[in-house]
Amino acid sequence: MSVVHVRQIANHLETRFSTLIDMSDVQSSAKPEARTAILRTRAVAAYSVALLGAATDEAAAKSVTDQYADDGIDAIYYEPAEQHLYLVQSKFVQNGTSGIESGEILKFVQGVRHLIIDMDFSQLGAKIKSRQNEIRSALLSASTKIILVVAHTSTTKLLGPSKRPIDDLLSDLNDASDMARFHELGQPDIHAALAGTAEGAPINLDVILTDWGQVKEPYKAYYGQVSLNEISAWYNTHGDRLFAKNLRKMITDSEVNKVIAETAQNRPSEFWYFNNGITVLCSTVAKKAMGGSDRSTGVFECTGVSVVNGAQTVGAIAHAGLPESAAKVMVRFISLDQCPPEFATEVTRSTNMQNRIDARDFAALDPQQDRLRQELLMEGKVYAYKTGDPTPQRDKGFGLEEATIALACANDVSLAVIAKSAIGRLWEDITRPPYRKLFNSGLGALRLWRLVELLRIIDDKLKSEADTRTDREWSVAVHGNRFVAHRVLSRLDLTNLDNPDFNLDSLKSLASSYAAEEIVATAAASKRAYPAAYMASLFKNTSKCQHLATIIQANAKPAQNGASTKATSGPLKKRKKS
């Protein structure tokens, strides 16, 4: 049925996108069949953006970059809410069975490397060049995720040698953290999605609940345990459509999600105890006859399913890549049948407004934090270390996150990397390192404030330099800010920061000039050691950053006045007792 499906896909996409996609670059003398083939290929690219990026048809059509000199990239779309940058290669396969040629995949991979690693737009077509600022802006955020998409109308999937360039690219991009993912949309995926769109695509599930119970009044609901593997299958089959009625989709890179995934992978038998569970709204919920009234196991038919609380749990479980296990999570299924019209909205809002504890909240339990707050008040500064504390004006004080980053960067390179990649890890356990290496009885309030001031000088310099730098130096200024801050602070003599009579102006001046120098030095060292690395990932990799620091230090200039002759990589010095 592949040819029939291809014809149906073509008809649907042409009807939907033919008036929206720019075809002005296609010669008017082109044969009608050639023009149609180009339109269909571009429509496949646009549809993949609409499907995966939840873009409007107009926005999806504008994302198409297919033309001469597109470097294999047929669509580029940035979705700001989820901070996803979609890079698409598309192919309309007329016979529905021919595979994608490896040369086309290699070209796409090369184009992605040019775009996000080299940031070289010089050889690209006008459609991509016109969006240079937008792409740079997306890559400016360390939270941006790269979503690589190959969309086609063939039943033949990318396998083995054909997919290897994609796998190699993902390995480079995900060197230190999950920065990139790959989606292949083949003919079955596109046809099923288009058919679902036409039908309204309600999600229906048959769910196995163990140790289940029910609520009969005032509205019907069932609750029980569902295996993590079954939860994963929900997401793998239906993706973000599971969260259609939720306040937000899954956030792919958060501290909470990392903890959820780690628990699922490393302590699956205890997952139920550590997780708050999942809430699912359904048009209807009905228990099937099998199993009778036995509460140990039941099969439930759920229609019109939407996960309204626990999207992060669902997504983290799915992305954890779990082996078969007996691990379970608590899920409740609420039937909207016989409920008032506004009930679904109220459930969604209420279940998402419950407070949760972040890693930073544990720091509030440390008496040292309150000591620092009181000492800083004596210095006329506000220290907002508790969640919910009003953020002080820049000249009036600072918060826990800024304090942590300043201390981490003034310590060793490994802590600077953590401050960049997963700052929550620095607050997880207030009884031992790395937290105690930063916040301890030897840390004085004046020293902390002055480190924050120096960090701000460095950050301000990096932001201004990023406006004038290009290519690798721009990447260092943007993605390597914590590494550069560590390098600058390691060059400064910080021994007098506790002295109230010490004038910080000389260090501020050096910090600014050193920041510019370190951009150049870091760019050169990274090009020499890791020429193909994606810079956003590079600066989240501890071992590689340690290697870079070693290379830079070996080529460092002799220390100047006010600069330290060696890196301050150990714990902060004890304060002198008064």
Side-chain angles (χ1 to χ4, degrees), residues 41-42 44-55 60 63-66 70-80 82-91 99-121 124 127-128 131 134-136 138-139 141-154 156-187 189-190 193 235-236 239-240 249-250 252-253 315 318-319 321 532-538:
T41 289
R42 293 180 181 182
V44 170
Y47 180 68
S48 68
V49 167
L51 178 65
L52 299 175
S63 76
V64 174
T65 55
D66 176 53
D70 61 23
D71 221 356
I73 302 174
D74 297 322
I76 301 174
Y77 178 70
Y78 180 65
E79 201 285 296
E82 303 296 327
Q83 294 184 289
H84 287 170
L85 181 64
Y86 292 87
L87 304 177
V88 182
Q89 183 181 67
S90 63
K91 180 77 171 179
I100 308 301
E101 294 181 6
S102 58
E104 293 178 284
I105 298 301
L106 285 170
K107 184 180 180 182
F108 175 58
V109 167
Q110 172 186 279
V112 173
R113 290 187 183 276
H114 285 165
L115 198 68
I116 66 176
I117 294 178
D118 302 332
M119 280 185 290
D120 180 7
F121 293 81
L124 298 176
K127 291 183 180 180
I128 296 181
R131 300 175 60 189
E134 173 195 353
I135 296 166
R136 281 184 177 274
L139 294 174
S141 171
S143 300
T144 294
K145 301 301 176 188
I146 311 299
I147 312 297
L148 307 177
V149 181
V150 173
H152 55 83
T153 56
S154 174
T156 303
K157 290 282 190 178
L158 291 176
L159 296 170
S162 297
K163 189 171 177 287
R164 190 163 297 129
I166 296 284
D167 293 335
D168 291 342
L169 177 59
L170 288 174
S171 178
D172 290 340
L173 296 179
N174 294 331
D175 180 51
S177 60
D178 181 18
M179 298 293 297
R181 298 204 307 271
F182 172 65
H183 280 284
E184 181 180 6
L185 292 176
Q187 181 198 121
D189 308 301
I190 295 174
Y235 186 81
N236 291 335
D240 284 348
K249 294 188 287 185
M250 187 194 70
T252 55
D253 187 37
H319 286 98
Y534 178 39
M535 302 296 271
S537 294
L538 175 63

Is [X] reaching over with its side chain to a backbone N or O of [Y], donor-acceptor style, under 3.5 angstrom?
{"X": "Thr65", "Y": "Ile128", "result": "no"}
{"X": "Tyr86", "Y": "Leu52", "result": "yes"}
{"X": "Asp172", "Y": "Ala533", "result": "no"}
{"X": "Asp74", "Y": "Ala45", "result": "no"}
{"X": "Gln187", "Y": "Ser154", "result": "no"}

| task | Please say which of Gln110, Lys107, Arg113 ends up in a side chain to side chain donor-acceptor pair (under 3.5 Å) with Asp71. | result |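 Going through Gln110, Lys107, Arg113 one by one, the side chain to side chain donor-acceptor pair (under 3.5 Å) with Asp71 is satisfied by Gln110 alone.
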
| field | Flag side-chain contact, heavy atom, 4.5 Å: Val109 against Asp168 | value |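 A side-chain contact under 4.5 Å is absent here.
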
| said: Is any side-chain heavy atom of Phe108 closer than 4.5 Å to one of Ile100? | reply: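 A side-chain contact is absent here, since even the closest heavy-atom pair is not under 4.5 Å.
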
Rounded distance (nearest 0.5 Å) linking atom [atom1] of [X] with atom [atom2] of [Y]:
{"X": "Ser48", "Y": "Gln89", "atom1": "OG", "atom2": "CD", "answer": "11.0 Å"}
{"X": "Ile105", "Y": "Leu148", "atom1": "CD1", "atom2": "CG", "answer": "10.5 Å"}
{"X": "Ser63", "Y": "Glu79", "atom1": "OG", "atom2": "CD", "answer": "12.5 Å"}
{"X": "Ser162", "Y": "Glu104", "atom1": "OG", "atom2": "CD", "answer": "10.5 Å"}
{"X": "Thr144", "Y": "Ile135", "atom1": "OG1", "atom2": "CD1", "answer": "12.0 Å"}
{"X": "Ile73", "Y": "Ile116", "atom1": "CD1", "atom2": "CD1", "answer": "8.5 Å"}

Compare every heavy atom of [Y] with every heavy atom of [X], then report the nearest pair and how far apart it is.
{"X": "Ala75", "Y": "Val49", "result": "CB-CG2, 4.1 Å"}
{"X": "Ser90", "Y": "Val44", "result": "CB-CG1, 3.9 Å"}
{"X": "Tyr78", "Y": "Ala138", "result": "CD1-CB, 3.5 Å"}
{"X": "Leu173", "Y": "Tyr534", "result": "CD2-CB, 3.3 Å"}
{"X": "Ser537", "Y": "Met179", "result": "OG-CG, 3.0 Å"}

| side-chain hydrogen bond (donor to acceptor under 3.5 Å, both in side chains) against Lys127, all qualifying residues, sequence neighbours excluded |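 Scan of Lys127 (side-chain hydrogen bond (donor to acceptor under 3.5 Å, both in side chains), adjacent residues dropped) gives Asp25.
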
| query | How would you list, by chain and number, every residue that makes a side-chain hydrogen bond (donor to acceptor under 3.5 Å, both in side chains) with Asp70, sequence neighbours excluded? | reply |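 Expected list: none.
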
Output all residues satisfying salt bridge (Lys or Arg N to Asp or Glu O under 4.0 Å) with [X], sequence neighbours left out; order by chain, then residue number.
{"X": "Glu101", "value": "none"}
{"X": "Glu184", "value": "none"}
{"X": "Asp167", "value": "Lys163"}

| request: Just jot down the side-chain contact (heavy atoms from CB on, under 4.5 Å) partners of Asp189, sequence neighbours excluded, or say none. | output: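 Asp189: side-chain contact (heavy atoms from CB on, under 4.5 Å) contacts with Lys157, Leu185.
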
